[in-house]
Amino acid sequence: MLKIKNLHAQVEGKEILKGVNLSVKPGELHVIMGPNGAGKSTLANVLAGRDKFEVTQGKMEFSGNSLVDMLPENRAGEGMFLSFQYPVAIPGVNNMYFLKAAVNAVRKYRGDDELDAVTFLKMIREKLKVVELDDSFIHRPVNEGFSGGEKKRNEILQMISLEPKLAILDETDSGLDIDALRIVAEGINNYRNNDRAFILITHYQRMLNYMKPDFIHVLMNGKIVKSGPKELAHELEEKGYSWI
Amino acid sequence: MKTDEQKIIDDAVSQDYKYGFVTDVEQEKLPPGLDENTVRFISEKKGEPEWLLDYRLKAFSHWKTLTEPTWALVDYPEIDFQSISYYAAPKPKKKLDSLDEVDPEILDTYNKLGIPLDEQKMLANVAVDAVFDSVSIATTFREDLAKAGVIFCSFSEAVKDYPELVKQYLGSVVPHTDNFYAALNAAVFSDGSFVYIPKNTRCPMELSTYFRINASNTGQFERTLIVAEEGSYVSYLEGCTAPMRDENQLHAAVVELITLDNAEIKYSTVQNWYPGDKNGKGGIYNFVTKRGACRGENSKISWTQVETGSAVTWKYPSCILQGENSIGEFYSVAVTNNYQQADTGTKMIHIGKNTKSTIISKGISAGHGQQTYRGEVKIMKNAENSRNFSQCDSILIGDKCGAHTFPYIDVRNSTAQMEHEATTSNIGEDQLFYCNSRGLSTENAVSMIVNGFCKEVFKELPMEFAVEAQKLMEVTLEGSVG
């Protein structure tokens with residue numbers, strides 16, 4: 001589903017990714033760990049198509065299409081989703097309006113009919129239950145005045161509404177209390193299936209207590225330096241990164 | 001003959017500004033030039049009484065002593081006032097008694113603008129006065145309004161039919177000595193709307209004036225006067241468009257509002273004069289004086305403006321809060337794209353006790369647009385316990401545009417409470433990317449972010465106009481993000 005080969009990327013002239021290789025198949029859950037400044041968020045942003053990160057070398061393919069020159073909105077249409085580490089506020093824009101525009105943009109790209117207001121509202125009420133938020137939440141402006149936990153739950157709400165094939169979760173667990181962490185983890189677990197893959201970027205293994213990852217990768221200095229099964233996360237938690 | 005290049009540019013621009021067509025009607029037009037005879041000609045043309053001609057002549061001789069103001073942060077070549085025609089009117093086939101006798105070409109123009117003047121086809125509950133160049137063409141729903149005692153007619157008719165009212169209030173809020181353009185308007189104004197709401201009457205429908213400049217090389221100088229008697233209420237809307245022409249055209253209007261005890265006027269503007277092409281050629285110079293006087297206790301005047309058009313805008317809708325407990329409000333969204341310039345804002349003059357004012361200004365600059373918020377809040381000596389809240393936010397799209405804020409505050413009473421907030425930000429790359437990553441195109445994202453930014457102002461507009469304003473913003477900002 002996702003094939004990354006020898007990927008190099010820079011931001012403002014500084015090379016951050018220095019030859020990343022990664023292959024993700026449908027249904028898999030990959031975890032990327034690593035010290036601060038290793039390039040984890042850069043990798044997430046490069047995959048989603050952020051303009052200020054420039055790919056200088058290498059290949060990225062998603063469902064057989066090259067990602068390098070694809071617009072971010074088309075990547076979303078193709079089924080990629082990025083949950084942001086710091087979701088930005090959009091003052092004055094109603095959360096429901098935003099979600100509906102996003103869902104319909106993606107549906108249109110995929111050749112599906114756009115949802116009318118009634119159908120959409122019904123759908124979104126179901127999804128709100130998953131992230132344990134009430135109706136009033138979708139009438140607030142996007143991310144404005146949201147607590148840390150609410151922002152992350154809103155990201156999960158967007159994810160389950162947009163129905164991506166590949167979801168990249170950039171430190172979705174950081175800054176969450178135990179309850180929010182459980183809600184987010186359950187949201188992801190319930191949403192896993194054989195066609196859908198996840199890349200989880202995290203500093204801690206605590207979220208992994210709630211889920212079953214297939215692979216743990218260690219990203220250091222712009223490269224994946226070690227990959228292994230779930231147990232690798234425990235080892236990292238105990239020993240840190242210096243032993244690698 | 002136009003060159004191909006020019007044609008391509010014209011075509012490109014016409015997609016953006018869809019009101020740029022010209023109506024081919026036979027017209028009566030004064031040759032360019034301005035002297036005392038011009039003033040006399042206009043007055044005679046309208047069959048005006050002696051006192052009004054005197055008023056015009058007084059204004060004209062005062063205007064001659066004035067020089068064009070230069071303090072606004074706008075830049076345009078000096079205007080040659082002798083090269084403008086001061087009167088243009090479609091030639092009436094005969095005297096008009098009903099809408100059936102209006103030139104079909106003109107009716108068609110308003111249809112194309114989405115303002116059908118046929119009452120059956122109109123937006124329910126909105127009465128329209130249509131001003132075409134220098135004259136009012138038609139005013140709809142007049143009979144319905146008359147039943148409620150509401151007077152809504154063209155200014156010329158008001159002079160004929162209600163001379164006492166006009167005489168009492170004309171120039172009482174914006175005197176002919178007020179400023180350069182107000183003096184010019186007082187001398188050569190041609191038409192406009194007149195509204196009178198009698199005591200304890202809530203106007204049964206929205207009133208609206210639609211201004212259209214059609215003739216080339218002509219100035220439009222309209223005059224609007226709205227009087228709300230004790231305990232009355234009216235909501236009034238104005239819309240404006242003009243054809244695309246390579247030369248600049250002058251529009252210098254004066255609007256005066258008066259509210260007596262417990263009366264309220266809500267005045268909304270969607271200004272969409274031709275802004276010039278992408279290279280800054282052509283467009284309307286919109287130099288307007290708008291002011292309201294809250295003369296009565298507990299009276300209220302609320303200005304809402306959405307300014308997307310004009311090459312240069314110079315406009316400060318203001319409130320004089322004389323009556324105790326009176327309220328003034330100013331809600332504004334102004335957009336400058338390509339080479340548009342706007343210097344706009346408000347003045348709130350607190351004279352009476354316990355007067356309150358609110359200023360919400362949202363400026364959006366894109367392309368090479370330059371925009372200035374200029375606002376004055378003045379609390380006079382006897383204005384005990386007055387309050388003002390001002391909020392001025394600007395966003396910039398791209399790196400070639402500019403936003404400037406000049407708040408003037410003058411407080412002469414120590415019990416006053418003043419709050420002022422101002423922000424300027426770029427439309428965030430992070431906001432755009434966030435929207436993109438959710439499947440939204442950059443164009444949709446910009447329009448969503450900008451509409452969110454303007455929401456506080458749009459919600460003050462009557463429903464249909466809020467929708468129109470949102471669409472207008474999308475068109476105005478089209479292609480502003482590369």
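Every chain is numbered from 1, with letters handed out A, B, ... down the list of sequences. Since the model is a prediction, treat every value here as computed from it, not as a measurement.
Heavy atoms of A:E144 lying under 4.5 Å from chain B are absent altogether. In this structure, the portions of A:N45 lying under 4.5 Å from any heavy atom of chain B include both its backbone and its side chain. Both the backbone and the side chain of A:F98 come within less than 4.5 Å of a heavy atom of chain B. With a 4.5 angstrom heavy-atom cutoff, B:F453 touches chain A only via backbone atoms. With a threshold of 4.5 angstrom between heavy atoms, A:S83 approaches chain B through N, CA, C or O but not through any side-chain atom. For B:D430, the parts lying under 4.5 angstrom from a heavy atom of chain A are both the backbone and the side chain.
For the side chain to side chain contact (heavy atoms under 4.5 Å, CB included) with B:C435, the qualifying choice from A:V142, A:V93, A:I90 is A:I90, the only one to do so.
One distance of note links CG of B:L440 with CD of A:E73; it measures 8.5 Å at 0.5 Å rounding. For the atom pair CG of A:N94 and CG of B:N451, the computed distance is 12.5 Å after rounding to the nearest 0.5 Å. In this structure, the separation between CG on B:N436 and CG on A:D51 is 8.5 Å, given to the nearest 0.5 Å.
Side chain of B:Q431 to backbone of A:V88: no donor-acceptor contact under 3.5 angstrom is found. A donor-acceptor contact shorter than 3.5 Å links the side chain of B:R438 to the backbone of A:L82.
A distance below 6.0 Å separates the ring centres of B:F433 and A:F84.
Within a 6.0 Å radius of CZ in A:R192, other residues, nucleotides and ligands contribute more than 12 heavy atoms. Atom NZ of A:K3 has 12 or fewer neighbouring heavy atoms from other residues, nucleotides or ligands inside a 6.0 Å radius. Within a 6.0 Å radius of OH in A:Y97, other residues, nucleotides and ligands contribute 12 heavy atoms or fewer. For CG of A:N193, the number of neighbouring non-hydrogen atoms (other residues, nucleotides, ligands) closer than 6.0 Å is greater than 12. With a 6.0 Å radius and a threshold of 12 heavy atoms from other residues, nucleotides or ligands, B:K356 has its NZ atom at or below the threshold. Sparse packing is recorded around CD of A:E12, with 12 or fewer heavy atoms of other residues, nucleotides or ligands lying under 6.0 Å away. Residue-environment remark: OH (B:Y408) exceeds the threshold of 12 foreign heavy atoms within 6.0 Å. No more than 12 heavy atoms of other residues, nucleotides or ligands shown are found within 6.0 angstrom of CG on A:D113.
At a threshold of 4.5 Å between non-hydrogen side-chain atoms, the residues B:E429 and A:R50 count as touching.
Between chain A and the residues B:A445, B:S437, B:C454, the most heavy-atom pairs under 4.5 angstrom are made by B:S437. The greatest number of non-hydrogen atom pairs below 4.5 Å with chain B, out of A:A105, A:P87, A:P164, A:P72, is found for A:P72.
The minimum heavy-atom distance linking A:A76 with B:G439 is given by the pair CB-N, 3.5 Å.
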